[in-house]
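Worksheet: one structure, shown below.
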Amino acid sequence: MLAKINPKPLSGTVPAISSKSMAHRIIIAAALANGVTRVACDTTCADIDATIRCLTAIGAKIDPIDGGFEIHPVLKSLEHGILRALAGATLDCGESGSTLRFMLPVACGLGADATFVGSPRLGERPIAPLTDELMAAGCTFQGATGLPLRTSGRMRAGRFELPGNVSSQYISGLLLAAPLLDGDTQIAVTGEIESRPYIGLTLAVLNAFGVKVGIEEGATPGGLPLTVFTIERQGYRTPGAIAVEGDWSNAAFWLSAGALGRHSVTVRGVTPSSIQGDRAISAALMLFGAKGQRNARAATVRPDNIHGIELDVRDIPDLVPALAAVAACAEGTTRFTGCSRLRIKECDRLEAIATELGKLGANVRVDGDALVIEGRDQLDGGRVSSRNDHRIAMMAAIAAVRCASPVEIEGAEAVNKSYPLFFEHYRLLGGDAELIDE
């Protein structure tokens, strides 16, 4: 699908969609709990559909209801894991890295023989540090270097060790699996933990489902930071009902459009007290010089004289595409550091940001694991590729706000991965976007 956008400033109010990061975790926890859970989640997307599909394959019953889901859990016990034969079950993760990295340890914790499949790109994304730990705990794999990946055996409780510079999703996956195990579990992480706020999301969901996690901070004999998460033998307990909060990661694109336009943009349904790390978008845009305000139910950003900044994005990698669009039109130089994790997203997102913004006339270069952008008052416009990456497609659409001529986005359907309503909401804010089947 081709999106053709005629440049116009965006303004007004748009509703937040449900947080994809929270929805993954809550739906998984509900499917592993001791009773029925009603989950308020008023939007879904391809990645969440993938997690639901995988949970259904291992025995959960997930029914759509008005404004969310009613989730009947997988039949299981701490002693025996899953309580029905699932040899040969296929878990289709689609393009969702979160689904694969969460569901693989969960399936191993349940002792569910399963075959994981997904898109070619998902099979190229790294998983080896996680599979190494699962094999050490008694699981076996066929095809451990890619997809399809066949798992058998049940994961033993014990101590798992990972470096802090791996994907935080590996740590979250082990945390989600730990309550399924017949014994106490420790997850020891050596070094500074990257994308730590996402682990905080996992801990919050575990707490909501009655799972207590001890956290001990220390150091290795060599002086490296050491964080040990301890989960004593216990199971998930349903809260009965739980709501998925609004998504800051996708709200970031609209708030960035507010910084680039002529009038303010408000996202309704996000809260400043959220534990989502990407709530930092408001502070980042104000560093650029934009003006903003937040209350308990919404965030607003309005334009002002924006200028280049230097920002470490190690804990907020998903904000970089939106912030890069702002930086491309900010006076002076912006330098984003700590961008290494962007190379293993749906595409090499670091290279894609530089190349695709460059096609629109931006001055962007990659410097090691940093992204350096020399701002211009106005971009040219042109034709870009989404690279089958939802955030690259949305970045280009937001950059169009400050382009002199139309922007065309090839593969615009990539937004369905996290935000199927993106172009509908784009038009709600006054944008001129035409979608053309190719």
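Bear in mind the structure is a predicted one, so any value in this text is a computation, not a measurement.
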Salt-bridged, Asp432 to Lys4, with N to O below 4.0 Å? no

Of all heavy-atom pairs linking Ser172 and Thr202, the shortest is OG-OG1, 2.6 Å

Exercise for review: Using a strict cut-off of less than 4.0 Å between a Lys/Arg side-chain nitrogen and an Asp/Glu carboxylate oxygen, indicate whether Asp318 and Arg341 qualify as a salt bridge.
Suggested key: no

Please list every donor-acceptor pair under 3.5 Å in which a side-chain atom of residues 284-299 meets a protein atom from a residue at least two apart or in another chain.
residue, atom, partner, partner atom, Å
Asn295, OD1, Arg297, N, 2.8
Asn295, OD1, Ala298, N, 2.8

Hits for salt bridge (charged side-chain N to carboxylate O under 4.0 Å, His left out) against Asp132, two or more places apart or cross-chain, chain-then-number order -> none

- Arg335 and Glu374 ion-paired at < 4.0 Å: no

_Check: Arg101/Gln169 side-chain N/O donor and acceptor closer than 3.5 Å_ = yes

> Salt-bridged, Asp63 to Lys61, with N to O below 4.0 Å?
Replying inline: yes

Q.
If only side-chain N and O atoms count, and only distance matters, is there a donor-acceptor pair under 3.5 Å linking Ser168 with Ser195?
A. no

Note: Leu260 and Cys329 closest approach over all heavy atoms is CD2-CB, 3.7 Å

All heavy atoms of Val166 vs all of Pro163, minimum pair found to be CG2-O, 3.1 Å

**Message:** Is it the case that over 12 heavy atoms from other parts of the model lie below 6.0 angstrom from the CZ atom of Arg262?
**Reply:** no

Hits for salt bridge (charged side-chain N to carboxylate O under 4.0 Å, His left out) against Glu434, two or more places apart or cross-chain, chain-then-number order -> none

Sequence neighbours excluded, the answer for side-chain hydrogen bond (donor to acceptor under 3.5 Å, both in side chains) partners of His307 is none

### Task
Ignoring hydrogens and angles, state whether a donor on the side chain of Thr99 or Thr51 is under 3.5 Å from an acceptor on the partner side chain.
yes

Identify every side-chain donor-acceptor pair in residues 242-251 under 3.5 Å, counting partners at least two apart or on other chains, and give the distances.
residue, atom, partner, partner atom, Å
Glu245, OE2, Ser274, OG, 2.4
Glu245, OE2, Gln276, NE2, 2.6
Asp247, OD2, Ser249, N, 3.4
Asp247, OD2, Asn250, N, 2.7
Asp247, OD2, Asn250, ND2, 3.2
Trp248, NE1, Thr271, O, 3.0
Ser249, OG, Asp278, OD2, 2.5
Asn250, OD1, Arg391, NH1, 3.4

Practice prompt. For side-chain hydrogen bond (donor to acceptor under 3.5 Å, both in side chains), just list the numbers for Asp49 and Thr44, CA-CA rounded to whole Å, side-chain angles, deciding distance to a tenth of an Å, and then say yes or no.
Written response: CA-CA 7 Å; Asp49 292 345; Thr44 187; 2.9 Å; yes

All heavy atoms of Asp312 vs all of Gly338, minimum pair found to be OD1-CA, 4.1 Å

Between Phe422 and Ala397, the two heavy atoms sitting closest are CE2-CB, 3.7 Å

In short, Thr238 meets Val36 closest at the heavy-atom pair OG1-O, 3.3 Å

Q. Tyr198 side chain to Ser21 main-chain N or O, any donor-acceptor pair under 3.5 Å?
A. no

So the side-chain hydrogen bond (donor to acceptor under 3.5 Å, both in side chains) pairs with at least one residue in residues 408-423 (sequence neighbours excluded) are Asp47-Lys417, Trp254-Tyr419, Glu346-Lys417, Arg383-Glu408, Arg383-Glu410, His390-Ser418, Tyr419-His425

inquiry  = Ignoring hydrogens and geometry beyond distance, is a side-chain donor-acceptor pair present between Asp42 and Ser18 at under 3.5 Å?
reply    = yes

Quiz item: Is Asp389 paired with Lys345 through a side-chain N to carboxylate O contact shorter than 4.0 Å?
Solution: no

